[in-house]
Amino acid sequence: MEGKQPEGMTEEIAALFPDRLVDSELGMIPEGWEYKALGDMINIFDSKRIPLSRSQRKARQGKYPYYGATSIMDYVDDYIFDGVYVLIGEDGSVKKPDGTPFLQYVSGKIWVNNHAHVIQGKRLVTSAASHGERSEGW
């Protein structure tokens, strides 16, 4: 808001942020922004997750990444998701040393177990936007 380039942020990303705050029912917010429920901004696909045991994965070796809470755990012969998603580690014990959850930005044909929340942005809020790309949706 002071017209300075934020440290660690590209000029393109900085341009997405308004240069002044306005009063709202919940306090000061950037001009043009509004408060929304998280469910209004993302789709959650947790009900589609299917865990596979180690022996099941071994029997189903293939080319599709099988994601857990923090990383790719294996590769299997099929996929249940195809697109761009953000995976958030679900279990309380799955945190980084600073206490923040593991986030994985994934794309393509993948399988996800039940230890990672699977989310995707709606409308103008996309998983791509979180990585410096502007998108009008999926």
Side-chain angles (χ1 to χ4, degrees):
M1 284 194 229
E2 296 172 343
K4 298 177 185 175
Q5 178 70 26
E7 187 177 332
M9 187 181 292
T10 66
E11 200 171 305
E12 181 180 86
I13 297 296
L16 298 174
F17 292 87
D19 60 2
R20 72 185 201 104
L21 298 175
V22 295
D23 197 22
S24 78
E25 61 199 40
L26 297 173
M28 300 299 284
I29 62 171
E31 184 176 38
W33 290 20
E34 58 186 356
Y35 286 99
K36 293 274 188 183
L38 186 58
D40 291 340
M41 305 305 293
I42 64 170
N43 289 312
I44 303 171
F45 296 100
D46 287 0
S47 64
K48 292 185 168 195
R49 303 172 299 175
I50 301 172
L52 295 174
S53 69
R54 184 175 295 166
S55 61
Q56 288 173 313
R57 293 192 312 269
K58 186 175 181 179
R60 299 186 63 168
Q61 288 293 296
K63 66 179 183 177
Y64 301 106
Y66 177 86
Y67 284 90
T70 64
S71 64
I72 295 173
M73 298 176 62
D74 220 329
Y75 289 86
V76 294
D77 63 351
D78 202 359
Y79 62 92
I80 51 179
F81 298 100
D82 186 6
V84 178
Y85 302 90
V86 173
L87 306 181
I88 303 172
E90 178 175 283
D91 303 317
S93 62
V94 184
K95 300 188 262 190
K96 295 179 184 178
D98 67 0
T100 58
F102 277 90
L103 296 177
Q104 300 175 80
Y105 178 74
V106 300
S107 64
K109 296 174 179 174
I110 63 171
W111 191 297
V112 180
N113 73 15
N114 60 329
H115 293 285
H117 295 291
V118 181
I119 64 172
Q120 191 176 64
K122 290 181 181 179
R123 295 174 283 167
L124 296 179
V125 177
T126 69
S127 302
S130 67
H131 286 324
E133 303 167 23
R134 191 165 182 151
S135 175
E136 294 299 319
W138 298 107

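Keep in mind that the numbers below use all heavy atoms, side chains included, and drop hydrogens, waters and symmetry copies.
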Inset, instruction - Please step through side chain to side chain contact (heavy atoms under 4.5 Å, CB included) for the pair Val118 and Lys48, ending with a clear verdict. - result: CA-CA 9 Å; Val118 181; Lys48 292 185 168 195; over 6 Å; no
Inset, instruction - Decide yes or no on side chain to side chain contact (heavy atoms under 4.5 Å, CB included) for Val112 and Tyr66, but give the supporting numbers first. - result: CA-CA 6 Å; Val112 180; Tyr66 177 86; over 6 Å; no
Inset, instruction - Mind running side chain to side chain contact (heavy atoms under 4.5 Å, CB included) on Val22 and Met28 for me, showing each step along the way? - result: CA-CA 5 Å; Val22 295; Met28 300 299 284; 5.7 Å; no
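Of all heavy-atom pairs between Leu52 and Arg57, the closest is O-NH1, 2.8 Å. Summarising the geometry of Pro30 relative to Leu21, their closest heavy-atom pair is N-CD2, 3.5 Å, with the distance given to 0.1 Å. Of all non-hydrogen atoms in Ile110 and Tyr85, the two that sit nearest each other are CD1-CD1, 4.4 Å. Of all the heavy atoms in Pro101 and Ile88, the pair that sits closest is CB-CG2, 4.1 Å. Here the shortest heavy-atom pairing between Asn113 and Pro51 reads CB-CA, 4.0 Å. Minimum heavy-atom separation, Arg49 to Asp46: NE-O, 3.0 Å.
One finds the CD atom of Glu31 at 12.5 Å from the OG atom of Ser24 (value rounded to the nearest 0.5 Å). Rounded to the nearest 0.5 Å, atoms CG (Asp40) and CD (Glu34) are 9.5 Å apart. Here His117 contributes atom NE2 and Leu103 contributes atom CG; the two are 11.0 Å apart, rounded to the nearest 0.5 Å. Atoms OH and CD, from Tyr75 and Gln61 in turn, are 10.5 Å apart once rounded to the nearest 0.5 Å. Between the CZ atom in Arg20 and the CD1 atom in Ile29 there is a gap of 11.0 Å [rounded to 0.5 Å]. Note that CD1 of Ile13 is 7.5 Å distant from CE of Met9, once rounded to the nearest 0.5 Å.
Between Val106 and Pro65 the shortest side-chain heavy-atom distance does not fall below 4.5 Å. Using a 4.5 Å heavy-atom cutoff, the side chains of Phe45 and Ile80 are not in contact. Two residues are said to be in side-chain contact when any heavy atoms from C-beta on lie closer than 4.5 Å; Trp111 and Phe81 fail this criterion. Tyr67 is not listed as a side-chain neighbour of Met73, based on a closest heavy-atom distance of 4.5 Å or more. For the pair Asn43/Ile119, no side-chain contact is recorded, criterion being any heavy-atom separation below 4.5 Å from C-beta on. Within the 4.5 Å cutoff, no side-chain heavy atoms of Lys122 are placed close to those of Met41.
Looking only at distances, no side-chain donor or acceptor of Gln120 sits under 3.5 Å from a matching main-chain atom of Val86. Side chain of Gln104 to main chain of Ala116: no donor-acceptor pair is present (N/O by atom type, distance under 3.5 Å, no hydrogens or angles).
Taking a 6.0 Å sphere around NZ of Lys58, one finds it holds 12 or fewer heavy atoms contributed by other residues, nucleotides or ligands.
Ring geometry, Phe17 versus Trp33: the interplanar angle falls from 30° to 60°, so the pair is classed tilted.
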